Amino acid sequence: MTGNEVFDPRSILDSAVCDPCTFDPDFPPEQFVTHFISQGSVVHATIWIAEGREPKGTVILSPQMFGGDRLESVIIPLMTAGINVMTFHPRGMWDNQHIYTLTGSIDDLLAAAAYVRSTVDGDITTPQGKPWRTDATRIAVMGLSGGGGNVSIAACAEDPLIQSAIAVAPANRSAPLLPEIIASMEPVKARTAGRVDVVATMNAMTPAENDRMSPIFQAPRMVDKNMLLVGGARDVVSPLDEAHRPIARAMRDAGVRGFDEVILDSDHSFLTKRIALACLMIEWLRKRSGF
(Lines give C-alpha, C1' and ligand atoms only; values in the text may rest on other atoms or scores of the structure.)
Protein backbone atom coordinates (compact mmCIF):
# COMPACT_ATOMS: atom_id res chain seq x y z
CA MET A 1 0.00 0.00 0.00
CA THR A 2 1.32 3.46 -0.81
CA GLY A 3 0.13 6.88 0.27
CA ASN A 4 -0.04 10.32 -1.26
CA GLU A 5 -0.49 13.92 -0.18
CA VAL A 6 -4.27 13.46 -0.04
CA PHE A 7 -4.40 10.20 1.86
CA ASP A 8 -1.76 8.99 4.27
CA PRO A 9 -2.56 5.41 5.37
CA ARG A 10 -0.28 5.81 8.39
CA SER A 11 -3.01 7.93 9.94
CA ILE A 12 -5.25 4.88 10.41
CA LEU A 13 -2.53 2.66 11.91
CA ASP A 14 -1.47 2.23 15.51
CA SER A 15 2.26 2.82 15.10
CA ALA A 16 3.01 1.22 18.46
CA VAL A 17 1.88 -2.25 17.33
CA CYS A 18 1.88 -2.10 13.50
CA ASP A 19 4.71 -2.11 10.99
CA PRO A 20 4.53 0.55 8.25
CA CYS A 21 2.19 -0.24 5.40
CA THR A 22 4.00 2.17 3.08
CA PHE A 23 7.50 2.19 1.62
CA ASP A 24 9.07 5.11 -0.18
CA PRO A 25 12.00 3.78 -2.24
CA ASP A 26 13.24 7.31 -2.92
CA PHE A 27 13.22 8.32 0.76
CA PRO A 28 13.34 5.07 2.76
CA PRO A 29 13.73 4.75 6.53
CA GLU A 30 17.35 4.68 7.69
CA GLN A 31 19.22 3.95 10.91
CA PHE A 32 22.87 4.89 11.39
CA VAL A 33 25.49 6.12 13.85
CA THR A 34 26.93 9.63 13.84
CA HIS A 35 28.49 12.13 16.22
CA PHE A 36 28.30 15.78 17.18
CA ILE A 37 30.44 18.15 19.24
CA SER A 38 29.57 19.26 22.78
CA GLN A 39 31.83 21.52 24.82
CA GLY A 40 34.62 20.76 22.35
CA SER A 41 34.32 16.97 22.66
CA VAL A 42 32.83 14.22 20.51
CA VAL A 43 29.47 12.79 21.54
CA HIS A 44 28.36 9.55 19.86
CA ALA A 45 24.78 9.25 18.65
CA THR A 46 22.40 6.97 16.76
CA ILE A 47 19.78 8.24 14.31
CA TRP A 48 16.53 6.80 12.98
CA ILE A 49 15.12 8.62 9.94
CA ALA A 50 11.45 8.06 9.11
CA GLU A 51 10.53 7.35 5.51
CA GLY A 52 9.03 9.96 3.18
CA ARG A 53 10.28 13.13 1.55
CA GLU A 54 8.40 15.61 3.73
CA PRO A 55 10.14 17.53 6.56
CA LYS A 56 9.72 15.74 9.88
CA GLY A 57 9.83 16.47 13.56
CA THR A 58 12.67 14.95 15.58
CA VAL A 59 12.59 13.47 19.07
CA ILE A 60 15.93 13.40 20.92
CA LEU A 61 16.07 10.78 23.67
CA SER A 62 18.25 11.42 26.71
CA PRO A 63 19.24 8.28 28.69
CA GLN A 64 18.89 7.62 32.37
CA MET A 65 21.92 8.25 34.57
CA PHE A 66 25.08 6.27 33.75
CA GLY A 67 23.68 4.56 30.66
CA GLY A 68 20.28 3.43 31.86
CA ASP A 69 17.11 3.08 29.84
CA ARG A 70 16.86 5.39 26.81
CA LEU A 71 13.25 4.28 26.22
CA GLU A 72 14.50 2.24 23.28
CA SER A 73 11.13 0.50 23.06
CA VAL A 74 9.45 3.67 21.78
CA ILE A 75 11.98 4.40 19.01
CA ILE A 76 10.51 2.20 16.27
CA PRO A 77 6.90 3.26 16.99
CA LEU A 78 7.98 6.91 16.76
CA MET A 79 9.77 6.27 13.45
CA THR A 80 6.80 4.31 12.12
CA ALA A 81 4.62 7.31 12.99
CA GLY A 82 6.78 9.51 10.75
CA ILE A 83 9.03 11.02 13.42
CA ASN A 84 12.84 11.10 13.31
CA VAL A 85 14.63 9.95 16.47
CA MET A 86 18.11 10.55 17.91
CA THR A 87 19.76 8.96 20.93
CA PHE A 88 23.21 9.78 22.29
CA HIS A 89 25.76 8.81 24.94
CA PRO A 90 26.51 11.82 27.19
CA ARG A 91 30.16 12.56 27.84
CA GLY A 92 31.61 10.35 30.56
CA MET A 93 28.74 7.89 30.51
CA TRP A 94 30.70 5.16 28.72
CA ASP A 95 34.06 6.75 27.90
CA ASN A 96 37.03 7.26 30.20
CA GLN A 97 37.87 10.75 28.94
CA HIS A 98 35.22 12.67 30.86
CA ILE A 99 33.35 12.56 34.13
CA TYR A 100 29.63 12.00 33.70
CA THR A 101 27.40 14.64 35.28
CA LEU A 102 23.73 15.44 34.95
CA THR A 103 24.43 19.05 34.03
CA GLY A 104 26.95 17.85 31.46
CA SER A 105 24.14 15.80 29.96
CA ILE A 106 22.06 18.96 29.66
CA ASP A 107 24.85 20.59 27.67
CA ASP A 108 25.10 17.49 25.48
CA LEU A 109 21.35 17.49 24.83
CA LEU A 110 21.48 21.17 23.88
CA ALA A 111 24.34 20.37 21.48
CA ALA A 112 22.35 17.47 20.05
CA ALA A 113 19.42 19.78 19.28
CA ALA A 114 21.75 22.28 17.61
CA TYR A 115 23.21 19.47 15.50
CA VAL A 116 19.75 18.29 14.41
CA ARG A 117 18.89 21.85 13.37
CA SER A 118 22.11 22.00 11.34
CA THR A 119 20.83 19.19 9.10
CA VAL A 120 17.98 21.29 7.73
CA ASP A 121 19.95 22.72 4.76
CA GLY A 122 20.70 19.24 3.42
CA ASP A 123 24.51 19.50 3.55
CA ILE A 124 24.56 16.71 6.16
CA THR A 125 23.15 13.56 4.59
CA THR A 126 22.33 9.98 5.56
CA PRO A 127 24.59 7.04 4.55
CA GLN A 128 22.39 6.62 1.46
CA GLY A 129 23.08 10.23 0.50
CA LYS A 130 19.56 11.38 1.39
CA PRO A 131 18.67 14.53 3.33
CA TRP A 132 17.51 14.08 6.91
CA ARG A 133 14.22 15.86 6.05
CA THR A 134 14.43 17.81 9.33
CA ASP A 135 11.86 20.39 10.40
CA ALA A 136 13.80 22.68 12.74
CA THR A 137 10.59 24.05 14.27
CA ARG A 138 9.58 20.60 15.53
CA ILE A 139 12.17 19.31 17.95
CA ALA A 140 11.18 17.51 21.14
CA VAL A 141 13.38 16.16 23.93
CA MET A 142 12.39 13.21 26.02
CA GLY A 143 13.61 10.79 28.64
CA LEU A 144 13.02 8.66 31.70
CA SER A 145 13.92 9.50 35.31
CA GLY A 146 16.55 12.07 36.31
CA GLY A 147 19.02 11.63 33.48
CA GLY A 148 16.24 11.58 30.91
CA GLY A 149 13.24 13.46 32.29
CA ASN A 150 14.98 16.17 34.30
CA VAL A 151 17.67 16.70 31.67
CA SER A 152 14.98 17.06 28.99
CA ILE A 153 13.00 19.62 30.97
CA ALA A 154 16.14 21.68 31.60
CA ALA A 155 17.22 21.58 27.95
CA CYS A 156 13.75 22.56 26.77
CA ALA A 157 13.65 25.42 29.27
CA GLU A 158 17.09 26.71 28.28
CA ASP A 159 16.86 26.43 24.47
CA PRO A 160 14.25 28.77 22.93
CA LEU A 161 14.23 26.64 19.77
CA ILE A 162 13.29 23.36 21.48
CA GLN A 163 9.52 23.22 21.30
CA SER A 164 8.49 20.31 23.50
CA ALA A 165 9.59 18.02 26.33
CA ILE A 166 8.27 14.68 27.52
CA ALA A 167 9.45 13.88 31.04
CA VAL A 168 8.74 10.34 32.22
CA ALA A 169 9.04 9.94 36.00
CA PRO A 170 11.47 12.84 36.57
CA ALA A 171 12.83 13.54 40.03
CA ASN A 172 11.89 16.49 42.19
CA ARG A 173 15.35 18.01 42.65
CA SER A 174 13.91 20.76 44.84
CA ALA A 175 13.37 18.27 47.66
CA PRO A 176 16.00 16.20 49.50
CA LEU A 177 16.27 12.54 48.55
CA LEU A 178 14.23 10.30 50.81
CA PRO A 179 16.35 8.00 53.01
CA GLU A 180 14.77 4.89 51.50
CA ILE A 181 15.63 6.07 47.98
CA ILE A 182 19.24 6.75 48.99
CA ALA A 183 19.40 3.29 50.55
CA SER A 184 18.11 1.72 47.34
CA MET A 185 20.86 3.45 45.35
CA GLU A 186 23.78 2.36 47.53
CA PRO A 187 24.06 -1.23 46.19
CA VAL A 188 24.31 0.02 42.60
CA LYS A 189 27.97 0.94 43.11
CA ALA A 190 28.88 -2.63 44.05
CA ARG A 191 26.77 -4.15 41.27
CA THR A 192 28.54 -1.99 38.68
CA ALA A 193 32.09 -2.57 39.96
CA GLY A 194 32.25 1.04 41.12
CA ARG A 195 31.35 2.63 37.77
CA VAL A 196 27.98 3.94 38.91
CA ASP A 197 27.99 5.85 42.19
CA VAL A 198 24.65 7.64 42.13
CA VAL A 199 24.80 8.84 45.73
CA ALA A 200 28.23 10.46 45.32
CA THR A 201 27.17 12.04 42.03
CA MET A 202 24.06 13.57 43.57
CA ASN A 203 25.88 14.76 46.69
CA ALA A 204 28.58 16.45 44.59
CA MET A 205 26.10 18.74 42.83
CA THR A 206 26.24 22.43 43.75
CA PRO A 207 23.11 24.43 44.64
CA ALA A 208 23.22 26.05 41.19
CA GLU A 209 23.43 22.64 39.50
CA ASN A 210 20.53 21.38 41.60
CA ASP A 211 18.48 24.39 40.51
CA ARG A 212 19.31 23.71 36.88
CA MET A 213 18.14 20.10 37.29
CA SER A 214 14.98 21.06 39.16
CA PRO A 215 11.74 21.05 37.11
CA ILE A 216 10.22 23.32 39.72
CA PHE A 217 13.02 25.88 39.36
CA GLN A 218 12.82 25.64 35.55
CA ALA A 219 8.99 25.84 35.40
CA PRO A 220 8.79 29.64 34.77
CA ARG A 221 11.02 29.19 31.71
CA MET A 222 8.61 26.62 30.27
CA VAL A 223 5.67 29.01 29.91
CA ASP A 224 5.74 29.04 26.10
CA LYS A 225 6.66 25.38 25.71
CA ASN A 226 4.77 22.11 25.45
CA MET A 227 5.38 19.59 28.21
CA LEU A 228 4.01 16.13 28.92
CA LEU A 229 4.65 14.80 32.44
CA VAL A 230 4.15 11.06 32.86
CA GLY A 231 4.05 9.48 36.30
CA GLY A 232 3.82 5.90 37.55
CA ALA A 233 1.23 4.99 40.17
CA ARG A 234 3.59 2.34 41.59
CA ASP A 235 6.82 4.34 41.24
CA VAL A 236 8.94 4.18 44.41
CA VAL A 237 11.93 6.02 42.90
CA SER A 238 10.04 9.17 41.85
CA PRO A 239 6.85 8.75 43.91
CA LEU A 240 3.77 10.65 42.81
CA ASP A 241 3.44 12.67 46.03
CA GLU A 242 7.14 13.59 46.24
CA ALA A 243 7.88 14.11 42.54
CA HIS A 244 5.07 14.05 39.99
CA ARG A 245 2.45 16.09 41.82
CA PRO A 246 4.79 18.89 43.01
CA ILE A 247 6.22 19.19 39.49
CA ALA A 248 2.74 19.29 37.95
CA ARG A 249 1.66 21.95 40.45
CA ALA A 250 4.74 24.05 39.65
CA MET A 251 4.04 23.88 35.91
CA ARG A 252 0.44 24.96 36.42
CA ASP A 253 1.39 27.71 38.86
CA ALA A 254 3.92 29.01 36.32
CA GLY A 255 1.21 29.13 33.66
CA VAL A 256 2.78 26.63 31.26
CA ARG A 257 0.19 26.77 28.50
CA GLY A 258 1.17 23.52 26.81
CA PHE A 259 1.29 21.38 29.96
CA ASP A 260 -0.36 17.96 30.22
CA GLU A 261 0.03 15.17 32.75
CA VAL A 262 -0.77 11.46 32.66
CA ILE A 263 -0.42 8.82 35.39
CA LEU A 264 -0.06 5.20 34.29
CA ASP A 265 -0.49 2.18 36.54
CA SER A 266 3.13 1.05 36.47
CA ASP A 267 6.51 1.27 38.19
CA HIS A 268 9.46 3.61 37.64
CA SER A 269 10.56 1.76 34.51
CA PHE A 270 7.03 1.48 33.04
CA LEU A 271 7.88 -2.08 32.04
CA THR A 272 4.18 -3.03 31.95
CA LYS A 273 3.09 0.07 30.01
CA ARG A 274 5.54 0.44 27.12
CA ILE A 275 2.91 0.11 24.38
CA ALA A 276 0.66 2.56 26.21
CA LEU A 277 3.65 4.89 26.64
CA ALA A 278 4.46 4.79 22.91
CA CYS A 279 0.84 5.43 21.94
CA LEU A 280 0.62 8.30 24.43
CA MET A 281 3.81 9.96 23.18
CA ILE A 282 2.85 9.72 19.50
CA GLU A 283 -0.66 11.06 20.07
CA TRP A 284 0.59 13.90 22.28
CA LEU A 285 3.32 14.92 19.84
CA ARG A 286 0.81 15.00 17.00
CA LYS A 287 -1.93 16.92 18.78
CA ARG A 288 0.02 19.21 21.08
CA SER A 289 3.21 19.76 19.05
CA GLY A 290 2.13 19.26 15.44
CA PHE A 291 4.38 16.27 14.71
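These numbers were taken from a predicted model, which means no experiment stands behind them.
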Asp19, CG: over 12 other non-hydrogen atoms inside 6.0 angstrom: no
Arg221/Asp159 salt bridge by N-O under 4.0 Å criterion: no
From CE (Met205) to CG (Asp211), nearest 0.5 Å: 9.5 Å
No-hydrogen, no-angle side-chain donor-acceptor test under 3.5 Å, Asp260 and Trp284: yes
CA sep, side-chain torsions, deciding dist, call: Ser266, Thr272, side-chain hydrogen bond (donor to acceptor under 3.5 Å, both in side chains): CA-CA 6 Å; Ser266 197; Thr272 61; 2.9 Å; yes
Nearest-0.5 Å distance that lies between atom CD1 in Ile247 and atom OG in Ser214: 7.5 Å
CZ on Arg70 to CZ on Phe88, rounded to 0.5 Å: 9.5 Å
Ser164-Ser289 side chain donor-acceptor pair, cut-off 3.5 Å: yes
Side chain proximity check, Arg91 to Val42, heavy atoms < 4.5 angstrom: no
Ring pair (Phe, Tyr, Trp, His ring centres under 6.0 Å) involving Trp132 - partner list, sequence neighbours excluded: Phe32, Tyr115
Arg288/Asn226 under side-chain hydrogen bond (donor to acceptor under 3.5 Å, both in side chains): CA gap, chis, key distance, verdict: CA-CA 7 Å; Arg288 178 65 86 172; Asn226 301 316; 4.7 Å; no
Spacing of OG1 belonging to Thr103 relative to CE belonging to Met213, to within rounding of 0.5 Å: 8.0 Å
Phe27 six-ring centre to Lys130 NZ/CZ under 6.0 Å and within 45° of normal: yes
Pair Arg53 + Asp24: basic N to acidic O under 4.0 Å: no
Stepwise side-chain contact (heavy atoms from CB on, under 4.5 Å) check, Thr101 with Met93: CA-CA 8 Å; Thr101 66; Met93 183 169 280; over 6 Å; no
His268 and Ser145 side chains, donor-acceptor separation under 3.5 Å: yes
Straight-line distance of Glu242 CD to Asn172 CG, nearest 0.5 Å: 9.0 Å
Option from Arg212, Lys225, Glu158 for which side-chain hydrogen bond (donor to acceptor under 3.5 Å, both in side chains) with Gln218 holds: Glu158
Derivation of the side-chain contact (heavy atoms from CB on, under 4.5 Å) call for Asn84 and Val59: CA-CA 6 Å; Asn84 295 337; Val59 168; over 6 Å; no
Residues Glu51, Arg133: salt bridge by 4.0 Å N-O rule: no
Spacing of Ile49 atom CD1 and Thr134 atom OG1 [to the nearest 0.5 Å]: 6.0 Å
Asn150 side-chain N/O to Pro170 backbone N/O, donor-acceptor pair under 3.5 Å: no
Asp135-Thr137 side chain donor-acceptor pair, cut-off 3.5 Å: yes
Evaluation steps, side-chain contact (heavy atoms from CB on, under 4.5 Å), between Val116 and Ile60: CA-CA 9 Å; Val116 168; Ile60 307 174; 4.0 Å; yes
NZ/NE/NH1/NH2 to OD/OE distance under 4.0 Å, Lys189 and Asp197: yes
Audit row: Asp107, Ser38, side-chain hydrogen bond (donor to acceptor under 3.5 Å, both in side chains) steps and yes/no: CA-CA 7 Å; Asp107 294 331; Ser38 174; over 6 Å; no
side-chain contact (heavy atoms from CB on, under 4.5 Å) between Ile47 and Thr58, intermediate numbers included: CA-CA 10 Å; Ile47 311 298; Thr58 301; over 6 Å; no
